[in-house]
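One structure is given below, encoded as structure tokens.
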Amino acid sequence: LVSLPRVGNTPYSYPTPSVQQLFDDLGTHEVFPGHPWQREATKIWVFTQVDPDLNQAVRDGAITTGDDYLAAFQPRYFTINGRSGYFSAHEATDTHLHSTVGHPHLIRNVNVGLWGHSPHVHANHCYRLAIDGAVQDNVVLLDTWTVRPMQRVDMLFPFVQPPDIPPQTWQKVIDGVQEEPFPMDYPMHCHQEVSNTAAGGNYPQGNVTHIVIAGPVDQRAAPGNPPAGYPPQPNFDLHMMPEE
């Protein structure tokens, strides 16, 4: 359940001065060309893990206490929003980030399992906004962050031009015609290496997804109007249990 404030341009009712300044700068500062954050530009990454043998032991009654479960826990599958590997990476409306430069995205990380994770993004660094609902005084810029068991961490992916791309690559000329190298496809993977696998060794089949920069700043896309190619957001009503 996500609760958003009625007013303001941040995801929080009581943003710290640093977080408020960051959101005020989005779309208005030369570092963040484009547009302010839009509420629709939000992803929720729910991390969890599966230990099939341990689950079977619970069914069989061999594991009966929480302490015994913790002591025996050896996860073999790692998921984002219930999917792993290819299925996590290509589920565009759920896990993977896809937009043009200038449309910052909020990523709400939730670890509902027993294994710690360290999501690592390519293309941009992210701003850490909140930990377990506590909005941060110091907004740290990170390419890897920690999400401990039962922890929530909010990150902002700014969707700016990747800083490591030289101008001649960003604005290249092919056969006399200037072209931008879009779409630009980058990975997100976990730096807890075991969680990039499935069944203890299949790689990359764990916590991975895609980050796609579809194009340069789209000045025609006013706030509230996603740019061309912007994928539809998930209809959360579809996740409601159907009536009998």
Side-chain angles (χ1 to χ4, degrees), residues 4-5 7-12 15 17-45 89-109 119-130 139-145 154-189 209-234:
L4 291 172
V7 297
N9 60 345
T10 83
Y12 310 108
S18 296
V19 169
Q20 183 63 65
Q21 184 64 62
L22 173 62
F23 278 80
D24 288 344
D25 287 343
L26 296 176
T28 65
H29 193 281
E30 62 180 4
V31 175
F32 306 107
H35 309 281
W37 173 69
Q38 302 170 29
R39 296 187 177 207
E40 297 80 8
T42 300
K43 297 294 182 185
I44 301 176
W45 288 349
H90 293 277
E91 190 65 26
T93 62
D94 196 343
T95 60
H96 117 231
L97 303 182
H98 185 287
S99 192
T100 58
V101 171
H103 281 268
H105 275 54
L106 174 66
I107 309 171
R108 295 184 182 270
N109 303 260
H120 168 70
V121 292
H122 291 231
N124 288 182
H125 284 42
C126 292
Y127 295 89
R128 188 169 60 193
L129 306 176
V139 181
V140 182
L141 187 61
L142 303 167
D143 69 350
T144 307
W145 55 92
D154 291 352
M155 305 292 297
L156 183 81
F157 189 95
F159 265 103
V160 296
Q161 176 179 332
D164 296 332
I165 296 180
Q168 62 268 28
T169 301
W170 186 254
Q171 299 275 343
K172 64 182 180 180
V173 176
I174 300 177
D175 295 331
V177 178
Q178 180 173 295
E179 296 186 8
E180 284 91 3
F182 300 112
M184 306 175 77
D185 199 335
Y186 297 90
M188 186 290 290
H189 58 96
T209 191
H210 282 282
I211 299 168
V212 177
I213 299 178
V217 175
D218 185 352
Q219 300 292 357
R220 299 166 301 172
N225 296 318
Y230 192 82
Q233 295 299 298

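This chain uses plain numbering: 1 for the first residue, then up along the sequence. Side chains are part of it too, since the values below use all heavy atoms of this structure and drop only hydrogens, waters and symmetry mates.
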Would you say that Tyr12 contacts Pro5 through its side chain, given a criterion of any heavy-atom pair below 4.5 Å between the two side chains? no

Exercise. Which class fits the ring pair His105 and Phe159: parallel under 30°, tilted 30 to 60°, perpendicular over 60°?
Worked result: tilted

Parallel, tilted or perpendicular: rings of His35 and His103 (30°, 60°): tilted

- request: Compute the ring centroids of His98 and His210, then answer whether they are less than 6.0 Å apart.
  value: no

Atom [atom1] in [X], atom [atom2] in [Y]: separation rounded to 0.5 Å?
| X | Y | atom1 | atom2 | result |
| --- | --- | --- | --- | --- |
| Ile213 | Asp185 | CD1 | CG | 10.0 Å |
| Met155 | Thr144 | CE | OG1 | 9.0 Å |
| Met188 | Phe157 | CE | CZ | 11.0 Å |
| Leu4 | Leu106 | CG | CG | 8.5 Å |
| Lys43 | Leu97 | NZ | CG | 7.0 Å |
| Asp154 | Ile44 | CG | CD1 | 9.5 Å |

Applying salt bridge (Lys or Arg N to Asp or Glu O under 4.0 Å) to Arg128 and not counting sequence neighbours gives none

Heavy-atom nearest pair, Trp45 first then Thr95, reads NE1-O, 2.8 Å

Heavy-atom closest pair (Ser18 atom, Val139 atom, distance to 0.1 Å) is CB-CG2, 3.6 Å

Ile211 and Asn124: side-chain contact (heavy atoms from CB on, under 4.5 Å), yes or no, with the steps?
CA-CA 10 Å; Ile211 299 168; Asn124 288 182; over 6 Å; no

Checking Phe32, Trp37, Phe23 against Pro104 for side chain to side chain contact (heavy atoms under 4.5 Å, CB included), the one that qualifies is Trp37

Sorted by chain and number, sequence neighbours left out, side chain to side chain donor-acceptor pair (under 3.5 Å) with Gln20 holds for Asn9, Asp24

field: Side-chain (His189) to main-chain (His120) donor-acceptor, under 3.5 angstrom
entry: no

- prompt: Run the side-chain contact (heavy atoms from CB on, under 4.5 Å) check on Leu129 and Leu22 step by step: do they pass?
  reply: CA-CA 10 Å; Leu129 306 176; Leu22 173 62; 3.8 Å; yes

